[in-house]
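Here's the structure we're looking at; comments come further down.
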Amino acid sequence: SRIRSKVVALTVAAALSIAGAVALVSTEAAAAVGVENEGADCTVPALPSEGSLPTNSRLPDPFRKLDNTRISTKSDWRCRREEIKRLAERFVYGEKPGKPTTVTGTVSNTSIIVNVNHNGRSSSFSASVSLPSGTGPFPAVVVYGGFGADTAVIRAAGAAVISYDPYVVGREGTPRNNKQGAFYSIYGNTSSTGLLVAWGWGVSRIIDVIEQSGGNILKADATGVTGCSRFGKGAFVAGAFDQRIALTMPIESGSAGVPIFRGIPGEGAQSLSSAYGEQPWFGDAFGSFTGSPNRLPVDTHETVAMIAPRGLFIMDNPHIANLGPRSASVAALGGAEVYRALGAGENITYWSDVQDGTHCANRPEWRTPLQQNIQKFLLKTGNAAGAIRISSRAQGNLADWRDWTTPTLTDSTPNPTDTTPPSTPGTPTASG
Ligand code: MCU
């Protein structure tokens, strides 16, 4: 009987360790289930041709599908978002290719190395890592370039900082027909994709490497992105095009960033043709629209909406009209309607109520909301409500810009823990 109890004990121990191993495997699987683009499998009707686009001085209705019907459920949003993504790629930013055939690399306490192979071409780049104090694994914020973002507050809040040099992935100062950098080494120097998407592609490949790294140093499901000015444009677009990014934080992004394209001429912000010509930030196709933004079938309130329901903290400067802060507030208010319809109105913050007018200054007003956003979306320890704090110096009015209303989306997504059998079609229900 002593032997027997020992066998039982061993069996229990074995069963426990198998259960433990299974739990470990499924936890790892759960941490790696992030998908860059959840609507990749949606069937999208043919996009309108450039010549057929109507002129519309108001913001396009984010809830109206290409087939001209409006979505009615929250689960309809997934494929409507895909339509917006395709329109934004075709007419504004250029196409973001899917995950390359091979992505490998390493994560250490000090750096991330990314190696990409696709269609017989390869490229590599790296980014440096700076961990917060304490014990990992840590969430991380990818910080574009070296200015504007408050890296001390990010690390003090408990997230690592990944210092990312976007220029190694997409250089500035090149003509559109000879683009350079890791993205263009893979997809060609004449790719019509602009720098903002190329830079975002680099962030996506960093996340691929974090996912594959085993999660001992950095967590794969807790990545944020931020940057100021041209890197605010970049952070905004990166967050829109990768649904694994849990928190997007553009700072003072200006034209080609958050401000609605339709508002820029009236506000006197950097003109669209100036932004288009200054650097290949936009995709090449945007060149046909710099003088006629009213023909665009998408606007940036829908780039905001592509980020919904994920964390979004837009920081803006109301003191510099060149940055288009009024137009940026309209983009935030318009996009926030999609957040609200999805039941996630608390996940978006827009904050331009700041004193110092210096572009990309380190601002005390943003410290608390920055910390709260990191806690809520990256550490997952907080639940602070989002805030819309628009400076009275640069207050846009959404009502002037829309002719659509926000629908009440019914939630048709089945509750996975609900065991009641589905109702038979045609059977009347109590609610009628
Ligand atoms: C606001 O972002 C840009 C702006 O679009 C450019 O015209 C200017 O040259 O640079 C700004 C910037 O990136 O400043 C750091």
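As the structure lists them, so they are numbered: ligands from 1, and atoms in each ligand from 1. If you're wondering where the values come from, they're calculated on a predicted model, not measured in any experiment.
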Output yes when a side-chain donor or acceptor of Glu36 lies under 3.5 Å from a complementary backbone atom of Gly98, and no otherwise.
no
Could you name the protein residues that come within less than 4.0 Å of ligand 1, counting only heavy atoms, and order them by chain and residue number?
Phe147, Ser229, Arg230, Lys233, Ser253, Gln270, Glu278, Trp281, Leu323, His359
Quick check with a 6.0 Å cut-off and a 45 degree axis cone: is Arg402 positioned over the face of Trp404's six-membered ring?
yes
Measure up the Tyr144 and Phe231 rings against each other and bin them: parallel (under 30°), tilted (30 to 60°), perpendicular (over 60°).
tilted
Would you mind listing every ring-ring contact (aromatic ring centres under 6.0 Å, His included) that reaches into residues 203-223, with sequence neighbours excluded?
none
Less than 6.0 Å separating the ring centroids of Phe261 and Phe286?
yes
Exactly one candidate in Tyr93, Phe282, Tyr276, Phe91 meets ring-ring contact (aromatic ring centres under 6.0 Å, His included) with Phe289; the answer is Phe91
